[in-house]
A.B. asks: 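What follows is a structure written as structure tokens; I'll ask about it next.
Below, chain A is the first sequence line, B the second, and so on; all start at residue 1.
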2 protein chains.
Amino acid sequence: MTEKATPSPEAIKAWARLMRVSRQLMESAEEALKAAGLPPLAWYDVLHELAEAGEGGLRPFQLIERTLFAQYNISRLLTRLEADGLVEKLPVADDGRGQTIRIAAKGREIRRQMWAVYGRSIAELVGAKLSADELTMVSALLGRLRHPPAGD
Amino acid sequence: MTEKATPSPEAIKAWARLMRVSRQLMESAEEALKAAGLPPLAWYDVLHELAEAGEGGLRPFQLIERTLFAQYNISRLLTRLEADGLVEKLPVADDGRGQTIRIAAKGREIRRQMWAVYGRSIAELVGAKLSADELTMVSALLGRLRHPPAGD
DNA sequence: TCAAGCTTGATGCAATTGCATCTATCGTCT
DNA sequence: AGACGATAGATGCAATTGCATCAAGCTTGA
């Protein structure tokens, strides 16, 4: 496990699998959403975070931390979400620069509809392919690849 | 492991980890290439396939099968690669529609330079985090998520 | 208090992606 | 041969992304 310039064959294979499978799965899920006439996955990620945050909402920079999207990406995504009435932008009292984003009723509804499709994709693409123990093992191993690493 | 509309918590967690970690790792690798003044990962994928194919080259539709890129994406990528002198487009004898793409000497050289950086990323981001056995396990588990599945 | 630097979020512009469609050629069937 | 559908690859146009930069507000420190 020492740092080397040239990766082991096992590392190369794991990397290749990871890249290929994740892309394939993501595209499948994306396709299912599109087929249902629903917005793309990125919207779900944001709506999910906002739904979990509740009425207090979140600041855009918090969304950036949680979703890993780029700043300009979030900025424009929020513009679209607001234009569609899925979120509200509220001024924040103690910081004139900032704003608080709160999910709107329509946003919760769209998120619900998206989850019906997205959740089904997850169940079919992942839940149906591996046992609970195997899924837990995948999570644990992938967790150690994060930065910072975590094994939970 | 029956098909359900609502995925298990284990499936959701594994999915989330997979999406998040793969994106994070990809971005790290991409960033390393950019920092080295080298082209993006997509170029590597194509050059890699072409290098493996050897002098015979590959048809664009074969590249699509191997890399999972969209047709228009490959078409434009090849235009750029050719413009940079990394590949050659050759007419193919028995099919007037098609062409054969062959990697050029400069393409091999760029690929070599990219691998120096990319390989290091893989070694650091993956090879240094998990043992060989664990990496093999990751590959096997992810392999079962492919379509079609494979466990090798 | 006010200048200098940092943080938050937006935006102009170029490059890329996605979608739909197009052209050209091929293969097949009559 | 000729028509019809399928396949290979390119491309116009709209949407999105990435990069760099900007404007506005905050914080600190002399």
Side-chain angles (χ1 to χ4, degrees), chain A residues 23-24 26-46 49-50 53 57-84 87-102, chain B residues 23-24 26-46 49-50 53 57-84 87-102:
Chain A
R23 191 159 25 140
Q24 220 173 12
M26 173 112 77
E27 276 173 17
S28 293
E30 204 81 73
E31 197 177 323
L33 285 171
K34 192 172 309 177
L38 290 167
L41 267 185
W43 289 38
Y44 182 86
D45 288 349
V46 169
E49 294 298 336
L50 290 175
L58 286 176
R59 301 281 300 268
F61 72 86
Q62 294 177 300
L63 281 170
I64 292 168
E65 292 166 2
R66 285 166 169 72
T67 62
L68 305 184
F69 288 129
Q71 184 269 322
Y72 55 80
N73 220 326
I74 284 289
S75 174
R76 287 192 250 233
L77 186 41
L78 290 176
T79 302
R80 285 171 228 152
L81 287 171
E82 188 191 27
D84 277 31
V87 306
E88 293 171 298
K89 290 186 175 182
L90 310 168
V92 57
D94 60 338
D95 190 340
R97 296 165 298 183
Q99 50 189 309
T100 295
I101 310 296
R102 192 169 59 194
Chain B
R23 192 160 23 141
Q24 219 173 13
M26 173 112 76
E27 275 172 19
S28 292
E30 204 81 73
E31 197 176 324
L33 285 171
K34 192 172 308 176
L38 291 167
L41 268 185
W43 289 38
Y44 182 84
D45 288 349
V46 168
E49 294 298 336
L50 290 174
L58 287 176
R59 301 281 299 269
F61 72 87
Q62 294 177 300
L63 280 170
I64 292 168
E65 291 166 2
R66 285 166 169 72
T67 61
L68 305 183
F69 288 129
Q71 184 268 320
Y72 55 80
N73 220 325
I74 286 289
S75 173
R76 283 163 169 149
L77 186 42
L78 290 176
T79 301
R80 286 170 228 154
L81 287 170
E82 189 191 29
D84 277 32
V87 306
E88 293 171 299
K89 290 186 176 183
L90 311 168
V92 57
D94 61 338
D95 188 340
R97 296 165 298 184
Q99 48 189 309
T100 294
I101 310 297
R102 191 168 61 195

A.B. asks: Can you sort out the partners of B:Glu88 under salt bridge (charged side-chain N to carboxylate O under 4.0 Å, His left out), two or more places apart, ordered by chain and number?
C.D. replies: B:Arg102
A.B. asks: Taking only heavy atoms on the protein side, list every residue of residues 65-74 of chain B lying under 4.0 Å from any atom of DNA chain D, sorted numerically.
C.D. replies: B:Gln71, B:Tyr72
A.B. asks: What's the separation between atom OH in B:Tyr44 and atom CG in B:Leu38, rounded to the nearest 0.5 Å?
C.D. replies: 12.0 Å
A.B. asks: In Å and rounded to the nearest 0.5 Å, what is the CG to CG distance from A:Leu50 to A:Leu81?
C.D. replies: 8.0 Å
A.B. asks: Within a reach of under 6.0 Å around CD of A:Glu31, are more than 12 heavy atoms found that belong to other residues, nucleotides or ligands?
C.D. replies: no
A.B. asks: Heavy atoms within less than 4.0 Å of DNA chain D: which residues of residues 26-38 of chain A have one? Give them sorted by number.
C.D. replies: none
A.B. asks: Sequence neighbours excluded, which residues qualify as side-chain contact (heavy atoms from CB on, under 4.5 Å) partners of A:Pro60?
C.D. replies: A:Ile74, A:Leu78, A:Gln99, A:Ile101
A.B. asks: Under 4.0 Å, heavy atoms only, any strand: does B:Arg59 hit a base, just the sugar-phosphate, or nothing?
C.D. replies: sugar-phosphate
A.B. asks: In Å and rounded to the nearest 0.5 Å, what is the CG to CZ distance from B:Leu58 to B:Arg66?
C.D. replies: 5.0 Å
A.B. asks: Roughly how far apart are A:Phe69 CZ and A:Asp45 CG, rounded to 0.5 Å?
C.D. replies: 4.5 Å
A.B. asks: Please round to 10 degrees the angle between the axis of the first five pairs and the axis of the last five pairs in the helix from C:dT1-D:dA30 to C:dT30-D:dA1.
C.D. replies: 10°
A.B. asks: For residues 71-83 of chain B, pull every pair meeting salt bridge (Lys or Arg N to Asp or Glu O under 4.0 Å), keeping only residues two or more places apart or in separate chains.
C.D. replies: none
A.B. asks: With sequence neighbours excluded, what pairs up with B:Lys34 under the side-chain contact (heavy atoms from CB on, under 4.5 Å) test?
C.D. replies: none
A.B. asks: Look at the side chain of A:Glu30 and the backbone N and O of A:Pro40, then say whether any donor-acceptor pair between them is shorter than 3.5 Å.
C.D. replies: no
A.B. asks: Near DNA chain C, which residues from residues 88-100 of chain A have a heavy atom under 4.0 Å away?
C.D. replies: A:Lys89, A:Arg97, A:Gly98, A:Gln99
A.B. asks: Using heavy atoms to find the nearest nucleotide of DNA chain C for B:Ala42 and A:Ser75 separately, return the residue whose nucleotide is more 5′.
C.D. replies: A:Ser75
A.B. asks: Using side-chain contact (heavy atoms from CB on, under 4.5 Å) as the criterion, list what pairs up with A:Arg59, not counting sequence neighbours.
C.D. replies: A:Phe61, A:Gln62, A:Val92, A:Asp95, A:Thr100
A.B. asks: Is the closest side-chain heavy-atom distance between A:Trp43 and A:Asp84 below 4.5 Å?
C.D. replies: yes
A.B. asks: Anything under 4.0 Å to a heavy atom of chain B counts; send over the first and last such nucleotide of DNA chain D, read 5' to 3'.
C.D. replies: D:dT7 to D:dC19
A.B. asks: Under 3.5 Å, is there a donor-acceptor pair between the side chain of A:Ser28 and the main chain of A:Gln24?
C.D. replies: yes
A.B. asks: Sequence neighbours left out, what passes side-chain contact (heavy atoms from CB on, under 4.5 Å) with A:Ala32? Give chain and number order.
C.D. replies: A:Val117, A:Ser121
